[in-house]
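Structure record follows, encoded as structure tokens.
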2 protein chains.
Amino acid sequence: MTANLYQLSAPKKVVLDTSLFVNPDVRENLGKTPTEALETFLALAAKIKILEFYMPPSILEELLNFVDKEKITGEMLLMINQKPPKKHELKCPGIVLYELIEDMRERVNKGLRAAEKAVRSAAGKEPDEIIQDLRKKYREALREGIIDSKEDVDLLLLALELDAILISADQGLIKWAEKMGIQWVLPERFRDYLMAAEKSSPDN
Amino acid sequence: MTANLYQLSAPKKVVLDTSLFVNPDVRENLGKTPTEALETFLALAAKIKILEFYMPPSILEELLNFVDKEKITGEMLLMINQKPPKKHELKCPGIVLYELIEDMRERVNKGLRAAEKAVRSAAGKEPDEIIQDLRKKYREALREGIIDSKEDVDLLLLALELDAILISADQGLIKWAEKMGIQWVLPERFRDYLMAAEKSSPDN
């Protein structure tokens with residue numbers, strides 16, 4: 001038997017986002033439902049020795065809203081390390097603060113323009129319909145492509161702390177991984193990535 | 001002549017915000033107009049040896065929108081150090097990112113509620129009036145008490161970098177100075193602070 005190079009080095013750390021199992025565009029490679037996608041992942045992951053999987057507890061909690069809780073086995077809890085980032089010790093580059101605030105500033109203005117337009121179009125119309133459209137536009141302006149929750153920050157800071165690879169289907173997170181120098185993988189190739197990692201793993 | 005203790009130590013660094021010369025509530029101690037307030041400050045500052053004044057260039061530029069440019073003398077440029085923070089080297093604590101994003105998230109929701117309310121109240125009314133009120137409420141929700149511009153970040157990061165005292169009349173900035181452990185001075189006592197510093201300075 002030939003020595004496997006990978007055996008010689010420590011496993012790479014990978015931080016996983018809920019979106020991989022929930023976002024239908026990305027999930028479809030793994031399964032028809034979030035539960036099925038998670039099971040496919042776990043079956044593959046069990047045979048992968050060259051990667052070490054992590055999830056912040058806030059993200060695992062989020063995932064539990066989408067999958068059958070009965071399927072969360074002890075094996076899974078052992079295989080996916082639940083680790084929050086050391087948020088009081090970690091530092092982020094000052095430039096990130098500038099970019100975040102400039103980005104929000106533009107979005108806040110865009111949100112106001114959408115709201116003003118809605119008010120102007122409301123005269124004599126059914127407000128419910130206008131509001132539904134406003135909510136969509138407002139969400140697009142202020143939520144999409146941005147990090148907007150503590151779960152997002154957990155993922156980025158954990159990846160920074162562990163010098164890990166971030167895998168997420170959220171374009172906002174990928175954009176910020178880029179800014180912060182965090183390694184990431186095309187989310188739609190997540191399954192291929194896992195299968196290659198399985199092949200490269202030393203025999204059990 | 002007794003030795004002055006202050007002569008023995010390096011001058012304290014102070015980072016100044018435009019708001020000190022512009023915000024009417026705070027400015028009134030110094031002058032009737034921003035130009036007058038700036039002149040009063042400069043006259044006092046010329047006699048203060050125990051403080052060293054700084055302003056990020058972005059803040060000086062902001063100030064130039066409010067004061068008579070003829071009054072910006074070479075002495076003033078010498079007296080107020082214009083220094084941007086080393087934004088690519090400085091780091092901010094990870095926890096700041098969480099607080100900023102949680103704060104924005106709540107504000108974004110509040111902004112949407114204000115917009116929805118405006119749409120509901122618009123039926124059969126003059127939209128201009130509704131929009132004016134909406135702008136006010138939206139600004140309150142999304143702008144007040146928050147750091148929302150690169151100038152704000154410049155002030156905070158420069159104060160961090162220099163381990164300086166931040167003096168600003170902006171409550172949002174003071175709130176963030178608190179979170180980041182930056183020393184600050186009650187803005188309405190700015191003049192008293194300067195006068196005490198003048199008295200404590202060694203004779204010219």
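Computed from a predicted model, the values in this text were never measured in an experiment. By convention in this document, chain letters (A, B, ...) are assigned in the order of the sequence lines, proteins followed by strands, and residues within each chain are numbered from 1.
For the set Leu142(B), Leu97(B), Leu112(B), the entry with the most heavy-atom pairs within less than 4.5 Å of chain A is Leu112(B). Heavy-atom pairs under 4.5 Å with chain A were tallied for Gly94(B), Ala115(B), Cys92(B); the largest tally goes to Cys92(B). Among Leu157(B), Val96(B), Ile130(B), the residue making the largest number of heavy-atom pairs under 4.5 Å with chain A is Leu157(B). Among Leu90(B), Leu160(B), Val119(B), the residue with the largest count of heavy-atom pairs under 4.5 Å with chain A is Val119(B).
Listed by first and then second residue, the ring-ring contact (aromatic ring centres under 6.0 Å, His included) pairs that reach into residues 17-39 of chain A are Phe21(A)-Phe41(A), sequence neighbours excluded.
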Interface of chain B and chain A, donor-acceptor atom pairs under 3.5 Å:
unit_1    : atom_1 : unit_2    : atom_2 : d
Lys87(B)  : O      : Ile95(A)  : N      : 3.2
Leu90(B)  : O      : Gly94(A)  : N      : 2.7
Cys92(B)  : N      : Cys92(A)  : O      : 2.7
Cys92(B)  : O      : Cys92(A)  : N      : 2.7
Gly94(B)  : N      : Leu90(A)  : O      : 2.7
Ile95(B)  : N      : Lys87(A)  : O      : 3.3
Tyr98(B)  : OH     : Asp154(A) : OD1    : 2.3
Arg105(B) : NH1    : Asp148(A) : O      : 2.7
Val108(B) : O      : Tyr138(A) : OH     : 2.8
Asn109(B) : OD1    : Arg143(A) : NH2    : 3.1
Leu112(B) : N      : Tyr138(A) : OH     : 3.2
Glu116(B) : OE1    : Arg135(A) : NH2    : 3.1
Glu116(B) : OE2    : Arg135(A) : NE     : 2.5
Glu116(B) : OE2    : Arg135(A) : NH2    : 3.2
Arg120(B) : NH1    : Asp128(A) : OD1    : 3.0
Arg120(B) : NH2    : Asp128(A) : OD1    : 3.2
Asp128(B) : OD1    : Arg120(A) : NH1    : 3.0
Asp128(B) : OD1    : Arg120(A) : NH2    : 3.2
Arg135(B) : NE     : Glu116(A) : OE2    : 2.5
Arg135(B) : NH2    : Glu116(A) : OE1    : 3.1
Arg135(B) : NH2    : Glu116(A) : OE2    : 3.2
Tyr138(B) : OH     : Val108(A) : O      : 2.8
Tyr138(B) : OH     : Leu112(A) : N      : 3.2
Arg143(B) : NH2    : Asn109(A) : OD1    : 3.1
Asp148(B) : O      : Arg105(A) : NH1    : 2.7
Asp154(B) : OD1    : Tyr98(A)  : OH     : 2.4

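Ile146(A) does not touch chain B: none of its heavy atoms, backbone or side chain, sits under 4.5 Å away.
For the atom pair Ile101(B) CD1 and Met104(A) CE, the distance stands at 9.0 Å (nearest 0.5 Å).
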